[in-house]
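Start at 1 and go down the list; that is how both ligands and their atoms are numbered. Predicted model only: the values in this text are computed from it and were never measured.
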Amino acid sequence: MIRKCLFPAAGYGTRFLPATKAMPKEMLPVVNKPLIQYGVEEARAAGLQHMAIVTGRGKRALEDHFDISYELEHQIRGSDKEKFLSGTRELMETCTFSYTRQVEMKGLGHAILSGQPLIGDEPFAVVLADDLCLNLEGDGVLAQMIALYKQFRCSIVAIQEVPLDQTHKYGIIAGEQIRDDIYRVNSMVEKPKPEDAPSNLAIIGRYILTADIFDLIADTEPGKGGEIQITDALMKQAQNGCVLAYKFKGKRFDCGGAEGYIEATNFCYENLYKKGL
Ligand code: G1P
């Protein structure tokens with residue numbers, strides 16, 4: 001079964017400069033919690049216990065966040081502030097965290113391949129923490145995808161419909177619809193212009209990948225933007241066997257940019273923070 005979740009977190013976060021000059025973009029707070037913690041909570045809620053984080057230079061705050069801060073914790077012990085750390089504490093007690101560095105920024109596919117020593121030879125989930133996904137009505141997006149994996153046993157990407165003029169921001173899929181919310185992928189293009197897009201179904205930052213993806217990435221030439229793209233490796237997997245695309249239930253906020261980040265902040269403030277969740 002799926003036990004591990006990989007978080008590619010080496011990117012520079014250039015859309016959020018200057019905030020991300022000295023701070024990892026994954027540490028940007030949505031209300032009072034950093035983006036990476038929302039991702040880890042989603043993975044934990046889906047039953048995953050091993051968090052594998054691919055970091056890079058200048059990303060030490062990520063490791064410190066999921067570690068004890070003796071001075072701080074000593075300082076607030078017995079005060080009503082302790083409750084603000086209980087969620088993070090619980091994750092530290094119920095999950096393991098392992099880290100590796102992506103030394104050169106050669107794309108998302110390359111980042112995932114850098115995580116291979118932490119994952120080994122088993123299927124795993126991938127969360128891009130700047131895509132914040134929430135489902136107030138039921139299971140989180142990863143939990144939905146893991147339930148599908150149990151049924152289909154193949155790689156799965158989460159998708160949502162986007163306006164055609166936005167296709168250049170995403171991996172875009174096309175495929176045969178096998179259920180109202182599932183497609184069997186037969187085409188996949190990284191960030192196409194609208195006129196080259198096979199559909200308006202965009203991949204968002206949640207993946208279930210089978211372990212053969214590592215060899216496929218290792219064989220993948222640099223693609224769009226001169227980077228090694230996970231989309232290209234997945235296309236090979238789709239040609240050899242099966243890749244599914246799943247229209248998830250819930251909301252997704254693109255927190256890599258100001259607009260989505262503000263939307264997420266307002267949404268979380270109203271629906272989670274104010275209700276003490
Ligand atoms: C990456 C992927 C892209 C996907 C997107 C989702 O792009 O390469 O296929 O649609 O994440 O957020 P990035 O946003 O890292 O440029």
Side-chain angles (χ1 to χ4, degrees), residues 6-17 20 24-26 28 35-36 38-39 42 53-56 59 102 104-115 125-134 141-142 145 155-175 183 185 187-194 196-209 213 216-217 220-238 243-248 250-261 263-264:
L6 186 72
F7 296 81
Y12 296 125
T14 46
R15 284 193 289 156
F16 245 117
L17 284 169
T20 47
K25 64 173 173 170
E26 296 78 12
L28 284 168
L35 279 168
I36 188 80
Y38 287 92
E42 184 186 331
I53 306 185
V54 178
T55 67
K59 297 272 189 166
Q102 186 186 8
E104 288 175 284
M105 300 305 127
K106 292 194 203 159
L108 180 57
H110 179 259
I112 292 173
L113 186 57
S114 307
V126 176
V127 167
L128 307 184
D130 51 9
D131 272 341
L132 174 56
C133 292
L134 294 165
V141 177
L142 266 193
M145 292 172 79
S155 289
I156 306 169
V157 297
I159 50 165
Q160 69 175 180
E161 288 185 31
V162 296
L164 261 185
D165 65 359
Q166 301 286 306
T167 57
H168 65 285
K169 295 182 179 169
Y170 300 95
I172 302 291
I173 71 108
Y183 294 78
V185 173
S187 160
M188 214 177 224
V189 191
E190 181 66 8
K191 303 195 173 86
K193 292 185 200 141
D196 300 327
S199 78
N200 69 336
L201 299 172
I203 302 172
I204 63 108
R206 299 291 180 276
Y207 305 76
I208 303 288
L209 300 174
I213 198 71
L216 293 170
I217 300 172
T220 298
E221 295 296 320
K224 189 86 183 182
E227 297 186 330
I228 297 172
Q229 300 292 351
I230 187 63
T231 308
D232 296 340
L234 274 165
M235 186 57 213
K236 289 191 229 166
Q237 217 179 25
V243 172
L244 298 180
Y246 168 60
K247 262 190 191 171
F248 61 94
K251 281 185 169 294
R252 170 255 178 187
F253 302 95
D254 172 15
C255 291
E259 204 182 319
Y261 179 73
E263 254 180 67

Protein contact of atom 4 (C) of ligand 1 - nearest heavy atom, named by residue and atom, plus distance: I203 O, 3.5 Å
Among all the protein's heavy atoms, is there at least one whose distance to atom 11 (O) of ligand 1 comes out below 4.0 Å? yes
Roughly how far, to the nearest 0.5 Å, is CE of M105 from CD of E227? 10.0 Å
Distance filter under 4.0 Å to Y170 heavy atoms, resulting ligand 1 atoms: 10 (O)
When rounded to the nearest 0.5 angstrom, what is the spacing between OG in S155 and CG in L216? 9.0 Å
Under 3.5 Å, N or O to N or O, is D131 touching ligand 1 that way? yes
Close approach of K224 to ligand 1, heavy atoms, under 4.0 angstrom: no
Could you identify the single nearest non-hydrogen protein atom to atom 2 (C) of ligand 1 and state the distance to 0.1 Å? E190 OE2, 3.6 Å
Given V243, which partner from the list I173, I156, V185 fulfils the side chain to side chain contact (heavy atoms under 4.5 Å, CB included) test? V185
I204, any N or O under 3.5 Å of ligand 1 N or O: no
Heavy-atom donor-acceptor pair, E263 side chain to F253 backbone, under 3.5 Å: no
Among all the protein's heavy atoms, is there at least one whose distance to atom 7 (O) of ligand 1 comes out below 4.0 Å? yes
Rounded to the nearest 0.5 Å, what's the gap from CG on L234 to CD1 on I203? Could you check? 6.5 Å
With a 4.0 Å heavy-atom cut-off (strictly under), which part of L128 contacts ligand 1: side chain, backbone, both or neither? side chain
Rounded to the nearest 0.5 Å, what separates atom CD in Q166 from atom CG in D254? 9.5 Å
Roughly how far, to the nearest 0.5 Å, is NZ of K191 from OG1 of T231? 7.0 Å
Value for OH (Y261) from CG (D130), rounded to nearest 0.5 Å, stands at 12.0 Å
Given 3.5 Å as the limit, does a donor-acceptor pair link the side chain of K59 with the main chain of G11, or not? yes
Atom 1 (C) of ligand 1 [closest protein heavy-atom partner, distance rounded to 0.1 Å]: L108 CD2, 3.9 Å
Any N/O pair I230/ligand 1 closer than 3.5 Å: no
T231 neighbourhood, listing ligand 1 atoms whose heavy-atom distance to it stays under 4.0 Å: 9 (O)
Give the residue, atom name and distance (to 0.1 Å) of the protein heavy atom nearest atom 13 (P) of ligand 1. K191 NZ, 3.6 Å
